[in-house]
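Here is the structure we will look at, set down as structure tokens.
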Amino acid sequence: MQVSRAQFQAHPFHLVTPSPWPLLTSFSLLILTIAAAMYFNGFSNGGYLVIIGFITTVSSMALWFRDVVAEGTLLGNHTFAVQKGLNLGVALFIISEVFFFISIFWAYFHSALAPTVELGNAWPPAGIDPLNPYEIPLLNTVLLLSSGASVTYAHHSLIEGNRRGTILGIIITIVLALFFTALQGLEYYEAGFTITDGAYGSTFFFATGFHGLHVIIGTLFIAVAFGRILSYHLTDHHHLGFEASILYWHFVDVVWLFLYVSIYWWGS
């Protein structure tokens, strides 16, 4: 009789099997980074290389995540001990993101609290017409906070076994997130300044742009969890990926509140 390795395992931890995806993802990111540098510096065919790097990066990550989903759903490798370690990993990742945004706010307030002569000793600098914080930014604040409430409702519905409430809450969250991204794109289109307009333009678009990127990533994160819920992968006590996406989404919410108060409201 053939006996699997799992039957001999005397511990609750997951010993991962060799995988090609980390190496492939690393090479894909290297291609993407070099191609982006070439494109920004005007090298011929740099745009095509960026597309190739982006496609290979997304493909390798998708294949990698596919294996992780199989390990946690079909193979039963995500025991409670493994889930505890993965939760810790997500928490440490979000802490690293917190410090990333701290550096952005540091750059913003460094110029805003003590504007130099080159900035006209004023903030916003002379010639910059800041966005009205009570128009699109305020609407986006309402949308993002509402999406945080709806995804929390979906989480509690999943725990309580309310499948309909879970699906409805996630759909509302994704729709609100898409509206947020569309409105931010409209805001960028109508802005009277660009990223090249001195310290104000650089810090504004760097801060809000990276937050917008995090919103897109969080939307995809929740969408993947939504697909897994539709496929009956997640249960009321085993939904680590969904919990991680919710934690990430609440982090995005909190960062936006700081962005709105400091950059849109106070900075205008």
Side-chain angles (χ1 to χ4, degrees), residues 29-55 57-58 96-141 143-144 177-220 248 251-268:
L29 289 171
L30 178 62
I31 294 171
L32 181 61
T33 304
I34 295 175
M38 294 174 61
Y39 175 74
F40 291 144
N41 286 278
F43 282 79
S44 61
N45 298 322
Y48 294 110
L49 289 175
V50 169
I51 294 174
I52 293 173
F54 179 78
I55 292 175
T57 300
V58 172
S96 71
E97 292 282 274
V98 169
F99 282 94
F100 171 77
F101 277 99
I102 286 176
S103 67
I104 296 177
F105 283 109
W106 189 303
Y108 178 82
F109 284 109
H110 176 78
S111 297
L113 294 175
T116 61
V117 176
E118 291 78 8
L119 297 175
N121 293 324
W123 193 265
I128 295 291
D129 186 18
L131 298 172
N132 188 338
Y134 301 109
E135 294 180 350
I136 291 181
L138 182 60
L139 177 57
N140 268 348
T141 303
L143 291 176
L144 206 57
L178 293 175
F179 271 116
F180 176 94
T181 303
L183 286 173
Q184 190 168 33
L186 177 63
E187 176 184 84
Y188 283 0
Y189 179 77
E190 295 183 342
F193 55 93
T194 67
I195 195 172
T196 60
D197 286 326
Y200 186 88
S202 298
T203 53
F204 175 86
F205 283 101
F206 191 72
T208 58
F210 263 102
H211 177 269
L213 178 63
H214 281 70
V215 170
I216 294 172
I217 293 172
T219 305
L220 294 174
Y248 186 85
F251 161 73
V252 170
D253 282 351
V254 172
V255 170
W256 174 257
L257 289 177
F258 281 99
L259 282 174
Y260 178 77
V261 171
S262 59
I263 294 180
Y264 286 102
W265 181 70
W266 178 83
S268 64

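Remember, it's a predicted structure, so these values are computed and weren't measured experimentally.
Checked against a 6.0 Å centroid threshold, the rings of Phe100 and Phe210 count as neighbours.
Ile55 CD1 to Ile31 CD1: the interatomic distance, rounded to the nearest 0.5 Å, is 11.5 Å. Rounded to the nearest 0.5 Å, atoms CZ (Phe180) and CG (Asn140) are 4.5 Å apart. To the nearest 0.5 Å, the span separating CG on Leu144 from CG on Leu183 amounts to 11.5 Å. Atom-to-atom distance recorded for Phe54:CZ and Thr57:OG1 is 8.0 Å, nearest 0.5 angstrom. The OG1 atom of Thr208 lies 2.5 Å from the OH atom of Tyr188; values are rounded to the nearest 0.5 Å. Atom OH of Tyr108 sits about 15.5 Å away from atom OG of Ser103, to the nearest 0.5 Å.
Within a 6.0 Å radius of CH2 in Trp266, more than 12 heavy atoms belonging to other residues, nucleotides or ligands are found. Atom CZ of Phe205 has more than 12 heavy atoms from other residues, nucleotides or ligands within 6.0 Å. Heavy-atom contacts from other residues, nucleotides or ligands closer than 6.0 Å to CG of Asn41 number more than 12. More than 12 non-hydrogen atoms from other residues, nucleotides or ligands lie less than 6.0 angstrom from CZ of Phe105.
No side-chain heavy atom of Phe43 sits under 4.5 Å from any side-chain heavy atom of Leu49. By the 4.5 Å heavy-atom criterion applied to side chains, Pro133 and Tyr260 are counted as neighbours. Within the 4.5 Å cutoff, no side-chain heavy atoms of Tyr264 are placed close to those of Tyr134. Between Thr141 and Leu257 the shortest side-chain heavy-atom distance falls below 4.5 Å. The shortest side-chain heavy-atom distance between Leu131 and Glu187 falls under the 4.5 Å cut-off. Between Phe179 and Leu139 the shortest side-chain heavy-atom distance does not fall below 4.5 Å. Here the side chains of Asp197 and Ile128 are in contact, with some heavy-atom distance below 4.5 Å. Put simply, the side chain of Trp123 reaches to within 4.5 Å of the side chain of Pro125, judged on heavy atoms.
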Exercise for the section: With side chain to side chain contact (heavy atoms under 4.5 Å, CB included) as the test, would you mind laying out the steps for Leu138 and Trp265 before giving the verdict? Expected result: CA-CA 9 Å; Leu138 182 60; Trp265 181 70; over 6 Å; no
Practice task
Verify ring-ring contact (aromatic ring centres under 6.0 Å, His included) between Phe101 and Phe258, making sure each step is shown before the conclusion.
Solution key: CA-CA 10 Å; Phe101 277 99; Phe258 281 99; over 10 Å; no
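Residue Gly267 comes nearest to Pro124 through the heavy atom pair O-CG, 3.3 Å, listed as atom of the first residue, atom of the second, then distance. Nearest heavy atom pair, residue Ala207 against residue Ile263, reads CB-CD1, 3.6 Å. Considering all non-hydrogen atoms of both residues, Val215 and Ala177 come closest at CG1-O, 4.4 Å.
Ring-plane geometry between Trp256 and His211 is classed as tilted, the angle between the planes lying from 30 to 60 degrees on a 0 to 90 degree scale.
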